[in-house]
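Hydrogens, waters and symmetry mates are skipped; everything else that's a heavy atom, side chains included, is used. Each chain gets a letter, A, B and so on, in the order its sequence line appears, and its residues count up from 1.
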Amino acid sequence: SQKIEQNSEALNIQEGKTATLTCNYTNYSPAYLQWYRQDPGRGPVFLLLIRENEKEKRKERLKVTFDTTLKQSLFHITASQPADSATYLCALEMDSSYKLIFGSGTRLLVRP
Amino acid sequence: EAGVTQSPTHLIKTRGQQATLRCSPISGHTSVYWYQQALGLGLQFLLWYDEGEERNRGNFPPRFSGRQFPNYSSELNVNALELEDSALYLCASSLVRRAAFFGQGTRLTVV
């Protein structure tokens, strides 16, 4: 069956360091992959979308890579700040029906 | 430009009752997604509507249903409520195969 896997363990890093989060998927080749941020009790907020023909995408301190051979996306936050503390979700269409499925998310905690 | 709006913000129902949740998408967006998020868990895909049609549904029983109106707003109905239906219900709108924009959610509590 199709799966999206994100590290369920929280990532705890020091302010100023680079945070790297991983999203792995199986059994499907999506045309694109998205990353979202979710704060407790609130809806996810869209951050970045990367297409299968793009290896890397950047937006300010954020960088996303997409390796369709490894079936993996990496999400980087450089010069992390305590305000970056949140849960980060990856999302992709899991089959040709285009429905958007989310991973369970990885919680990031940035210590001052 | 107004974002995705959901109503009500909170809803308390008794087991066995029916709940109706509403979603207004961003102007111009034709797709509406519904997700269920139980406390501390991930987003579970419920339903996807596009251009007034149900395009896909997740692994939920038939008592979860909905519709999309000609103005692209959407309604989620949950019949015969059970305690485990208590969750945050999130609606998102998008153009097909584009970024999804979420509302603030409806917190449904079944007692």
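- B:Ser31 contributes atom OG, which lies 10.0 Å from atom CG of A:Leu100 (distance to the nearest 0.5 angstrom).
- For A:Glu9, the CD atom counts as loosely surrounded, since its 6.0 Å shell holds 12 or fewer non-hydrogen atoms of other residues, nucleotides or ligands.
- Counted within 6.0 Å of CG on B:Asn71, heavy atoms from surrounding residues, nucleotides or ligands total more than 12; the atom is thus considered enclosed.
- A:Ser104 has its side chain out of reach of B:Leu41: every pair of non-hydrogen atoms, C-beta onward, lies at least 4.5 Å apart.
- In the hydrophobic clustering of this structure, B:Leu21 groups with B:Leu83; members are Ile, Leu, Val, Met, Phe, Trp, Tyr whose side-chain heavy atoms approach within less than 4.5 Å, directly or through other members.
- Your options are B:Gly58, B:Ala100, B:Gly42, and the one with the most heavy-atom pairs under 4.5 Å with chain A is B:Ala100.
- At a 4.5 Å heavy-atom cutoff, the contact between B:Gln37 and chain A is made by side-chain atoms alone.
- There is a path of hydrophobic side-chain contacts, each under 4.5 Å, that joins B:Tyr89 to B:Leu81.
- Interatomic distance, CZ of A:Arg42 versus CG of B:Leu90, reported as 11.5 Å (0.5 Å rounding).
- By a heavy-atom distance cut of under 4.5 Å, A:Leu89 are the residues of residues 61-89 of chain A near chain B, going up by number.
- Separating the CD atom in B:Gln44 from the CD1 atom in A:Ile101 is a distance of 8.5 Å, to the nearest 0.5 Å.
- B:Glu84 CD: more than 12 foreign heavy atoms inside a 6.0 Å radius.
- The distance from atom OH of B:Tyr33 to atom CZ of A:Phe102, rounded to the nearest 0.5 Å, is 9.0 Å.
- Looking at A:Gln6, there are no atoms closer than 4.5 Å to chain B (heavy atoms on both sides), in backbone or side chain.
- Residue B:Leu43 is not grouped with residue B:Leu47 when hydrophobic side chains (ILVMFWY) are merged at heavy-atom distances under 4.5 angstrom, including chains of intermediate members.
- Under the 4.5 Å side-chain heavy-atom criterion for ILVMFWY residues, a single connected hydrophobic cluster contains both B:Val110 and B:Phe60.
- Other residues, nucleotides and ligands contribute only 12 or fewer heavy atoms inside 6.0 Å of the CZ atom of B:Arg15.
- Taking 4.5 Å as the heavy-atom cut-off, the residues of residues 45-58 of chain A that approach chain B are A:Phe46, A:Leu49, A:Arg51, ordered by number.
- Linking Ile, Leu, Val, Met, Phe, Trp and Tyr whenever their side-chain heavy atoms come within less than 4.5 Å leaves B:Leu46 and A:Tyr36 in two separate clusters.
- When each of A:Pro44, A:Pro40, A:Gly105 is checked for heavy-atom pairs under 4.5 Å with chain B, A:Pro44 comes out on top.
- Ranked by non-hydrogen atom pairs under 4.5 Å with chain A, the options B:Phe45, B:Phe102, B:Phe101, B:Tyr35 are led by B:Phe102.
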